[in-house]
Amino acid sequence: MRRRMGRHHRKGCEMNDLMINRRAFGLGAGATILAGGMSPAALAQETPRRGGVLTVQTYSDLRTLNPAMRASYAIHIYTSKMVEPLVDLGVDNQPVPKLATSWSSSADGKTITFKLREGVKWHDGKPFTSADVQFCAMEMWKKYQNYGTLLHRFLSAVDTPDPHTAVFRYDQPMPMELLLRAACELCYVVPKHVFEGTDLLKNPANLAPVGTGPFKFVSYAPGQNLIMERNPDYWVAGQPYLDRLIIRVINDAAATTASLESGDVQASFFSAIPRTDIVRLAKDNRFRVGTKGNEAYTILNTIGFNTRKKELADVRVRRALAHAVDLNFYCEEFLMGYGKPAKGPIPSTSSFFVPGSAQEYPYDPKKAEALLDEAGFKKGPDGTRMSLRLMPNQSDDIRAFATYIQQSLQKIGVKVNIELLDAAGYIAKVNRDWDFELCTDTNLYRGDPGVGSTIWFQSGVPAGTPWSNQFGWTSPKLDKLVEDALVETDSPKRKAMYGEFVKLATDEIPVLMALEQVFISVASAKLRNDHNSPRWPGTSWADVWIAS
Amino acid sequence: MRTVRFFLTSPAGIIGLVLLVLVLAMAASAGTLYPNDPLSLAGRPLQAPFVNPRFVLGTDSSGRDVAAQMFHGARTSLLIGISATLVAIVVGVLVGSISGYYGGWVDVTLMRITEAFQTVPNFILLLVLVVIFGARMDLLAFMIGLVSWTAVARLTRAEFLTLRQREFVQACRVLGMGDLRIIFREILPNALPPVIVYASIVMAFSILLESALAFLGLSDPNVASWGKLIADGRRVLRTAWYVATMPGLAVLIAVLSVSLIGQGINDALNPRLRRD
Amino acid sequence: MRLLRLTLHRLAVSVPVLLIILCGVFLVLQLAPGDAVDALLGQMGTADATLAEQLREQYGLSGNAASRLVVYLWRLVRLDLGFSVSYNQPVLDVILSRLPATLALVVSALALAFFAGAIVGVAAATKFGRWQDTLISLLGLVFYAAPSFWLGLMGILVFSVWLGWLPSGGLQDLSANYSGPRLVLDMARHLLMPTVTLATIYFAIYLRVIRASMLEVLSLDFVRTARAKGLRESAVIYRHVLRNALLPMITIIGLQAGAMLGGSVAIESVFSLPGLGRLAYEAVVQRDLNMLLGIVFMSSILVIVINFAVDLLYAQIDPRIEAGA
């Protein structure tokens with residue numbers, strides 16, 4: 001599989017302009033040779049070109065544009081150009097300063113101090129201060145934001161000793177690495193003066209963001225497009241380079257390919273086009289295709305077992321089903337090489353990945369049948385051992401995977417009936433009523449296992465909490481481990497604890513983490529400084545420019 | 001008999017009959033030609049048609065045999081078409097005959113309900129029903145029938161309005177026959193011919209509705225369907241255009257056959273259009 | 001006086017119909033698994049249960065169904081369509097932002113189907129029984145039988161993918177930032193394929209209807225008289241026959257006004273158009289009751305108004321027809 005995402009500017013995305021230019025100068029050349037475009041000599045003279053309109057595709061239709069109250073991959077594509085976080089994620093998963101310039105933690109881990117950037121102005125001209133951070137943390141992140149409510153559970157106060165210092169006080173120790181990693185996605189700051197004293201959920205600024213970012217809001221037509229224009233007063237002098245930025249909603253995969261090829265859009269993220277088109281466009285030198293710039297966006301495709309059901313209560317049955325699905329074949333023939341069998345709930349791209357910690361279930365239909373026989377589920381006269389319902393989530397990819405699971409289990413005598421539900425139906429049936437036998441879903445890995453991974457295995461999560469432990473499997477040992485890791489401030493110790501967590505989670509597999517995929521981007525070969533950080537689609541794009 | 005003879009002189013009717021036999025043959029032979037589950041993994045995804053003799057029409061993006069799905073899809077379409085039409089006819093005839101026979105407030109109430117169903121876009125109503133009650137095959141036929149009965153009801157009602165004034169109905173009343181008997185034994189047989197012609201339209205439309213639902217990913221996922229194959233083909237339209245093309249033609253032929261037969265029956269029943 | 005009677009009659013019919021529709025949709029949607037907040041949570045990726053309860057409270061989803069229905073209807077009386085949970089905006093604003101695309105699509109498709117259907121239908125009727133008639137009728141049936149979303153796909157395949165003549169979707173070229181006549185032209189280019197696709201099935205229907213009613217009218221006495229008076233054939237057709245043959249066509253348009261919105265769901269999906277059809281579909285998926293009821297309400301009003309117009313037109317063309325007959 002050829003991957004053409006240019007390998008330029010891997011480093012230095014947040015250094016000063018001169019550095020960026022020098023990087024582009026040196027490393028960009030290699031990328032274009034790969035892409036078969038201009039000669040290296042022509043590229044050597046490239047300096048960032050001001051101007052131009054960039055249009056990108058997204059399939060998600062958003063109903064709020066306030067990243068301080070809502071966190072999702074989609075919302076960051078839309079809003080991270082206008083609203084900025086305290087820190088962002090740099091290469092090698094290191095935090096880089098954005099609105100916060102430095103940070104430190106007290107010895108007991110309960111007090112974390114952020115120094116804030118000076119001279120930053122909101123789009124409406126008012127100055128950005130620590131009061132804004134305090135307001136967002138206490139009123140939005142802690143109260144309303146999905147994930148944020150969990151992350152800031154123990155946050156008791158944010159002190160503002162001066163306009164450029166915010167001191168976060170927690171009742172329990174907060175691991176610095178957890179907070180910083182999470183902050184890239186969860187600590188976006190919106191202006192206090194716009195929201196204070198209003199109904200936060202219905203404030204018009206939720207749909208017309210005011211931020212500090214390189215682009216200013218122009219218009220938003222839900223389900224159609226978001227238009228932004230250059231912020232001339234951005235705190236990095238000379239940036240952004242683009243005049244206008246358009247996010248266009250196209251929620252059909254084939255139509256997205258068509259728009260890329262016709263030049264209507266210049267980039268598409270999150271594996272939004274059919275695999276066959278990805279393979280085809282990867283060979284087309286007008287595009288760069290690959291997973292680069294998406295390293296922080298690793299997803300796991302899961303197969304969940306409702307262990308309350310008599311068939312699935314037996315761990316041998318769960319293991320049998322895990323052995324019956326040929327994941328390597330799926331990755332090669334269906335994912336066309338863009339994906340691999342996962343090794344537990346922490347993906348191999350993570351710094352928390354401990355090789356060998358996961359129990360693996362290689363494809364072995366004979367063993368699967370033996371396990372089922374052993375568990376007492378013998379083949380009936382029609383060759384069927386049991387009949388199970390499988391509920392996939394709403395993505396095309398997962399539905400295709402559900403078909404594959406159905407086909408695979410059929411071969412060992414397990415009849416699978418797929419039941420398609422929309423998002424609300426899925427949450428109600430699978431997460432709240434637990435009215436399922438098998439489900440297949442996506443687990444978004446959030447950089448730190450404490451943010452979005454452990455919740456799938458922990459007990460005590462209330463029914464109806466989407467993407468949590470709906471499998472009815474509990475382990476006091478795992479629960480304790482997870483709780484302890486959340487307040488462990490010693491980094492190597494924490495990593496070892498999560499290794500142990502993986503071991504426990506994969507041994508009894510209430511949910512099998514089947515596939516690991518990094519999202520694929522398709523971008524016009526004319527883009528520069530694109531995909532130069534691990535969560536690039538969700539970053540500010542201040543340094544992006546378009547070569548002529 | 002005269003009607004049948006006239007039907008057989010109508011070219012539309014004959015072409016329709018031939019096409020319908022073709023679709024019926026596909027449905028009937030699906031089990032013998034493709035005994036395996038048409039949705040099972042058959043081979044490498046997206047093989048082109050006429051290349052691999054095992055898969056005459058190639059495979060779709062999930063590695064399923066397109067030909068097998070085409071044949072089993074014929075079953076689905078016919079099954080949905082016929083059962084949804086039955087539901088629509090039964091509901092429509094019931095509502096229409098009661099409304100037309102009794103008149104008065106019964107008529108007013110039933111007609112307001114009919115108008116309500118007519119006013120709401122029927123596809124949107126269908127979407128609501130499918131989302132709520134799920135997309136199982138048996139339910140699907142019922143729901144499609146439930147959104148297509150209004151015209152049948154109006155047609156039946158109109159016939160009843162004229163027929164109930166006729167002498168033979170008056171005579172039945174005088175003889176002391178019960179209402180139900182008069183409605184179903186005496187009037188209904190006379191009111192049925194236009195309803196039967198209309199049934200072909202309902203059936204054609206039911207097949208189209210099912211394919212549109214499947215295209216939007218809302219049909220029974222455990223059953224092969226032409227609409228689903230079109231939806232699958234849409235994702236690979238640029239690399240494998242044939243996946244979407246063939247099932248579309250199949251829907252076209254099935255609907256065409258039913259419409260042509262409807263026209264044939266109409267020509268046969270409607271003497272004015274008969275060519276002398 | 002007649003106009004007043006007609007109006008009163010329509011109102012007497014329409015108000016109960018509207019009530020049945022709104023209550024029906026409201027109650028049916030109560031049976032759906034999950035509610036708007038569940039759908040919202042689905043978008044977020046995750047959230048805890050207390051947040052969900054808090055949101056339910058905030059959006060007025062926690063009371064019992066009957067009381068919420070009453071609240072809704074009372075608001076509607078004051079012409080307030082309510083607030084959309086999933087769009088975080090007043091329902092009316094969202095509907096109005098989507099209306100132009102759908103209106104442009106439906107109206108142009110209807111016009112195309114009407115005129116093309118009338119012209120071709122008249123041609124078929126005047127050549128009754130000859131090969132032209134058979135060909136036209138057959139063509140009509142083929143158009144009727146082809147699933148519109150599939151025709152759209154084939155159109156994209158031929159005109160966008162292979163020939164590159166037309167855009168494959170969307171309403172306008174956003175990056176070009178057109179305005180004025182250029183914008184209109186650009187939008188027309190984008191709407192061409194969807195319009196033709198949506199029009200096909202209606203074209204087929206109108207074609208059949210006009211052909212049949214032309215044949216019916218042609219056999220009537222007054223046509224014979226007109227011919228006997230020595231009028232030219234074209235004058236007979238257009239001045240006398242067509243005028244009368246149009247009546248059933250108008251009825252059909254009245255009946256189908258609602259259906260077209262449904263038909264545009266698949267078309268809007270194929271061509272990624274931001275219209276009302278897709279909005280309705282999204283509203284169902286998002287369990288956005290206010291939004292769905294708002295769309296149903298608006299489209300019902302539209303259908304009622306169109307039917308009223310049809311009544312008036314009828315009364316104009318044929319004074320013998322009384323309202324409600």
Side-chain angles (χ1 to χ4, degrees), chain A residues 53-55 60-64 70-74 143-144 146-147 149-150 199 201-202 206-207 221-225 227 244 246 248-252 254-255 258-259 261-262 264-265 393-394 421-429 431-433 444 452 455 461-468, chain C residues 32-55 58-59 83-90 93-94 97-98 101 153 156 160-161 164 167-177 269-275 278-279 282 284-288:
Chain A
V53 181
L54 175 61
T55 310
S60 307
D61 180 6
L62 283 182
R63 318 301 159 84
T64 172
R70 184 76 56 81
S72 69
Y73 288 1
K143 278 193 187 161
Y144 286 103
N146 49 315
Y147 291 109
T149 52
L150 182 71
D199 180 347
L201 287 175
K202 293 187 178 175
N206 286 333
L207 286 166
Q224 300 175 55
N225 57 67
I227 300 178
R244 225 171 150 80
I246 299 169
R248 211 180 126 186
V249 179
I250 305 175
N251 42 25
D252 174 66
S259 324
E261 286 192 88
S262 66
D264 287 348
V265 302
N393 78 4
Q394 299 77 53
L421 300 162
D422 55 20
Y426 186 84
I427 287 174
K429 265 196 130 159
N431 289 291
R432 178 170 327 120
D433 301 339
L444 314 174
I455 193 171
V461 183
T465 307
W467 296 285
S468 64
Chain C
D35 63 9
V37 168
D38 286 321
L40 209 61
L41 299 184
Q43 276 199 343
M44 293 187 197
T46 192
D48 59 63
T50 44
L51 175 60
E53 273 323 303
Q54 196 181 340
L55 288 171
Q58 217 122 16
Y59 289 120
F83 195 81
S84 156
V85 175
S86 68
Y87 277 87
N88 224 346
Q89 282 181 72
D93 292 3
V94 183
S97 79
R98 297 292 189 99
L153 281 186
I156 291 178
S160 305
V161 177
S168 61
L171 192 56
Q172 53 172 302
D173 186 352
L174 281 171
S175 52
N177 211 359
S269 158
V270 169
F271 292 100
S272 27
L273 289 173
R278 263 205 86 75
L279 187 66
E282 293 285 322
V284 179
V285 170
Q286 300 293 337
R287 304 287 187 279
D288 194 340

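Every chain is numbered from 1, with letters handed out A, B, ... down the list of sequences. Note: hydrogens, waters and symmetry copies are ignored here, and every other heavy atom, side chains too, is used.
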To check you understand the geometry: which heavy-atom pair defines the closest contact between A/Ala424 and C/Asp35, and what is its length?
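Looking at all heavy atoms of both residues, the closest pair is CB-O, 3.8 Å.
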Nearest heavy-atom pair of C/Ala32 and C/Arg287: which atoms, and what distance?
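Heavy atoms only, the tightest pair is CB-NE, 3.5 Å.
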Counting only heavy atoms closer than 4.5 Å, note whether A/Leu201 contacts chain C via side chain, backbone, both or neither.
both
Heavy-atom distance under 4.5 Å to chain C: side chain of A/Asp199, backbone, both or neither?
side chain
What part of C/Phe271 gets within 4.5 angstrom of chain A, counting heavy atoms only: side chain, backbone, both, or neither?
neither
If you count heavy-atom pairs under 4.5 Å with chain A, which of C/Ser272, C/Ser86, C/Ser269, C/Gly34 comes out on top?
C/Ser86
In chain order, what residues pass the side chain to side chain donor-acceptor pair (under 3.5 Å) check against C/Ser84, with sequence neighbours excluded?
C/Asp288
I need the residue from A/Lys202, A/Lys429, A/Gln394 with the largest number of non-hydrogen atom pairs under 4.5 Å to chain C.
A/Lys202
What I'd like to find out is whether the side chain of A/Arg244 reaches to under 4.5 Å of the side chain of A/Ile227, using heavy atoms alone.
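They are in side-chain contact.
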Is there a side-chain contact between A/Arg70 and A/Leu62, using heavy atoms and a 4.5 Å cut-off?
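The answer is no; the side chains never approach within 4.5 Å.
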